[in-house]
Protein chains: 4
Amino acid sequence: MTEQNDMLDILLNSEEKLTEKQKRILEAALEIFAEKGFSATSTSEIAKKAGVAEGTIFRHYKTKKDLLLSIVAPTMAKLIAPFIIRDINKVLNTKYERYEDFLKAMILNRQAFLKENMAAFRILIQEIPFHPEMKEQFKEHVASKVYERFTHLVEFYKDKGQIIDLPTEAVIRFTASSVFGFLLIRHLFLPEADWDDEKEIEMTIRMVMNGIRVEE
Amino acid sequence: MTEQNDMLDILLNSEEKLTEKQKRILEAALEIFAEKGFSATSTSEIAKKAGVAEGTIFRHYKTKKDLLLSIVAPTMAKLIAPFIIRDINKVLNTKYERYEDFLKAMILNRQAFLKENMAAFRILIQEIPFHPEMKEQFKEHVASKVYERFTHLVEFYKDKGQIIDLPTEAVIRFTASSVFGFLLIRHLFLPEADWDDEKEIEMTIRMVMNGIRVEE
Amino acid sequence: MTEQNDMLDILLNSEEKLTEKQKRILEAALEIFAEKGFSATSTSEIAKKAGVAEGTIFRHYKTKKDLLLSIVAPTMAKLIAPFIIRDINKVLNTKYERYEDFLKAMILNRQAFLKENMAAFRILIQEIPFHPEMKEQFKEHVASKVYERFTHLVEFYKDKGQIIDLPTEAVIRFTASSVFGFLLIRHLFLPEADWDDEKEIEMTIRMVMNGIRVEE
Amino acid sequence: MTEQNDMLDILLNSEEKLTEKQKRILEAALEIFAEKGFSATSTSEIAKKAGVAEGTIFRHYKTKKDLLLSIVAPTMAKLIAPFIIRDINKVLNTKYERYEDFLKAMILNRQAFLKENMAAFRILIQEIPFHPEMKEQFKEHVASKVYERFTHLVEFYKDKGQIIDLPTEAVIRFTASSVFGFLLIRHLFLPEADWDDEKEIEMTIRMVMNGIRVEE
DNA sequence: GATGAATGAGACTTCATTCAT
DNA sequence: GATGAATGAAGTCTCATTCAT
């Protein structure tokens, strides 16, 4: 519960009580980090884009890395927010009659998130490999949490006879790959293509469900 | 054909005529780039790890970026090598009776590649977003080439009545997501877990095939 | 007389009319300057230790150097206070029958001073070499004043036949070295050793007097 | 013996194998540190005075503090060199018939040293209070070594009936204060005065010896 | 071919000081 | 009177690259 509160704290406290200049710094950093990467971005560049003195950055963020974390931590928190929050009233765990209904709801929800937070999300996945503490935090607070939740879900639908009797991990991996594959191609690699989201999502879900439906 | 020859040139010429020191430099760079990222790596660090003088690096590679490219370009080439080479004798296009046989062969082949070239592959996907020419090259020489090939393949098996009648792109995306999803989780995210590759690959293919088999 | 009044002014006005915060700032500065040196101390550090805002320091002291002077100037004044004050009623010049009685009184008096003002004294001697105006002030108001007084004294006791007929400067230097030598070792270098002040002072005076007593 | 070798190593290795530029850097640093103090000196100032690029300083000295140490450590070593070296052939411990002969030899020797190394010596005593490791090294390698040697000497001359029966520490302190007092005033505080060294030293020794000669 | 000293631009960060609140 | 956000100059240090040896 404490860990979840950590994340919730971050969620609720971020983006509040921020000076005007602080917001401008965050925004500028977000944009340039996403474009050039953390290491290749200089604080003077950020300052210029934010329209503040370079010293101002360091009044609010002790180090450049601090600035990175203040972008990445809330993003991690938001990334798993729906999973945590729903945990609170466990009933909703199984709100959906069918696995595919759950899938669709989740895709739509996370797609909305990605649309709004693409830059921060890119920074997150770009930088995680190079910062062991971030990696650790991600594993501990994000991945494991989401994985655990999916395990419950998949087993719930297995019991209902909706899902094939393959190892839960394999089912999750398969589902997640298909969903993330779609989302990343859609929003990260080819965002400017002309997408019919409704249809694409439907097809994706259909193939996934075919893939894991109980075979006769 | 010229482009393919470009790639083939790279393939055949790389790792030849390299002095002992040059090899040590490449190896050191490969390791540190993968660990810390290109921008966060200093040439002096590379020199130290390679056991050469700082100046020696610049005798062989005009700039630090050049060094990166001399790692990344051959990796791109090798990445698509099987697709290019097989193009040469077009007959083999359809060497495999069933789509799943093709899938299995491809997974095994690319898995072998990844095992041997993990570090270079990581560098490639980490740095592509930050270097427009690399991105361009990747799209032009790698992605489009592979995509084109897959298009032929999927349509070939569609004609044989093995694959569902959904848009080819969707089928490719779905297949690729599932395959890459497995490979990345297996080799990038959880390489030290205890994997039964044989079984995992079989399950992955089974779900993919279920997902796209012609429904009755 | 004016110069002396300057010093007296400083003496009497210091530590008065100081707000609570001002006192805390002085105290904090005193402590950190003594520990790390003037240049290596930052105003923000002082502010933090004093528990005031950074700006508050500059409300009371125009510059950081001003803050230093407001510590050092009173210390200089107190350092020579006994010499100046006694000047006022010249009779006391020769209050003591014997040179050694004078020496003993002086040692005890200045030792008491040092005990109470060690930090400020350290700052004074550490910073004097780097601030020409301070050096000037010290020479003019402190050193020359004390030297002049000692000259009178030594010559007085010479006339009484108590002191050897060597150049007065040499006698003063010798006396002062022995006395300061003791005081500095006692309070600056080895303050935590277990000292029998009574006995040490007696021995010091005995050796000094042997050194300069009229030889038979 | 090891510690002495440490110091000897420093002695013998310093000032050798130094680049032309490195020498200029050391010289410039020496001068400015002595004039303004370590903390108040900027590396850019040193670079300018030395006529090198600022980066060049950091090729030879990892940090600014390193540069300080490379000045201070050899100075400490040279400061006690005569005491260490003489230790090697212990016979010479008592080369001099009378304590005053020893004193005179020592004063002349150390005066020559001070004349040549005034700047470095000033830096040493100015910075020691602010750098715990330097303080530690000074206590361990310099002070204790010299003190130990003086103890032997004073007791040797006590046994010969030349020195008064007061605690050895007090005798040493008294002697050292008088000698250092003279040397510091002569070379540090009033170097430009017109000194008759021969005579001043003679007087100093005379007073010291009077002070500690066996009383009849 | 190899070295490593030298460079100077620029990186991150600190700092004394100002000023609107 | 007090605050602390803001500043920009300056500080220390790193870096890719060059070049004489």
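Computation of the quantities below employed the complete heavy-atom set of this structure, encompassing side-chain atoms and omitting hydrogens, waters and symmetry-equivalent molecules.
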- Paired to F:dT17 by Watson-Crick or G-U wobble criteria (both distances under 3.5 Å) is E:dA6
- Query: NZ of D:Lys36 versus C1' of F:dG11: gap in Å, rounded?
  - Reply: 13 Å
- Note on the structure: Whole-Å distance, C:Ile25 CD1 to E:dA16 C1', equals 14 Å
- Separation of F:dG4 P from C:Arg59 CZ (nearest whole Å): 14 Å
- Using atom NZ of A:Lys62 as one end and atom P of E:dT14 as the other, report the distance to the nearest whole Å. 9 Å
- Message: Quick check: on DNA chain E, is the nucleotide nearest D:Gln22 upstream (toward 5') of the one nearest A:Ser42, or the reverse? Name the residue that is more 5'.
- Response: D:Gln22
- Of C:Gly55 and A:Ile57, the one whose closest DNA chain F nucleotide lies more 5': C:Gly55
- Message: Applying a 4.0 Å non-hydrogen cut-off, can you work out what D:Thr19 is touching in the nucleic acid: base, sugar-phosphate, or nothing?
- Response: sugar-phosphate
- Rounding to a whole Å, what distance do you find between D:Lys48:NZ and E:dT7:C1'? 17 Å
- Note on the structure: Considering only heavy side-chain atoms of C:Thr63, the closest of E:dT17, F:dC15, E:dA2 is E:dT17
- Task: Determine the contact category for C:Thr56: base if any of its heavy atoms lies under 4.0 Å from a base atom, sugar-phosphate if only primed atoms, P, OP1 or OP2 are that close, otherwise nothing.
- Result: base
- Message: Quick check for you: to the nearest 0.5 Å, what is the distance between A:Leu67 atom CG and A:Phe38 atom CZ?
- Response: 7.5 Å
- Message: If we count only N and O atoms by modelled type, under 3.5 Å, do the side chains of A:Glu54 and A:Thr43 hold a donor and an acceptor together?
- Response: yes
- Task: Tell me which nucleotide among F:dT3, E:dA2, F:dT12 gets nearest to the side chain of D:Glu54.
- Result: F:dT12
- Task: Looking only at side-chain atoms of C:Ala53, point me to the closest of F:dT7, E:dA11, F:dT3.
- Result: F:dT3
- Item | Minimum-distance nucleotide (side-chain atoms of B:Phe58 versus E:dA11, E:dA2, F:dT17) | F:dT17
- Nearest to the side chain of C:Val52 - F:dT3, E:dA6, E:dC12? F:dT3
- Within this structure, what is the CD-to-P distance between A:Glu20 and E:dT21, rounded to whole angstrom? 14 Å
- Task: Please determine, by modelled atom types, if B:His131 and B:Glu127 share a side-chain donor-acceptor pair under 3.5 angstrom.
- Result: yes
- Message: Side chain of C:Lys64, heavy atoms from C-beta onward: which of F:dT3, E:dT3, E:dT17 has the nearest atom to it?
- Response: E:dT17
- Answer yes or no: are there more than 12 heavy-atom neighbours, outside D:Lys48 itself, under 6.0 Å from its atom NZ? no
- Task: From the options F:dT12, F:dA5, E:dT17, select the nucleotide whose nearest atom is closest to the side chain of C:Thr43.
- Result: E:dT17
- Message: Assess the residue pair B:Tyr61 and B:Leu68 against the criterion (side chain to side chain contact (heavy atoms under 4.5 Å, CB included)); give the C-alpha distance rounded to whole Å, side-chain angles, the decisive distance to 0.1 Å, and a yes or no.
- Response: CA-CA 9 Å; B:Tyr61 306 94; B:Leu68 172 64; over 6 Å; no
- Among the nucleotides F:dT7, E:dA2, F:dA16, which one has an atom lying closest to any side-chain atom of B:His60? E:dA2
- Task: Would you mind classifying the nucleic acid contact of A:Thr41 as base, sugar-phosphate or nothing, using non-hydrogen atoms under 4.0 angstrom?
- Result: sugar-phosphate
- Message: What is the separation between atom OH on B:Tyr61 and atom P on F:dC15, rounded to the nearest whole Å?
- Response: 21 Å
- Task: Nearest whole angstrom, please: distance from the P of F:dG8 to the NZ of A:Lys21.
- Result: 9 Å
- Neighbour count >12 (heavy atoms, 6.0 Å) for atom NZ, D:Lys139: no
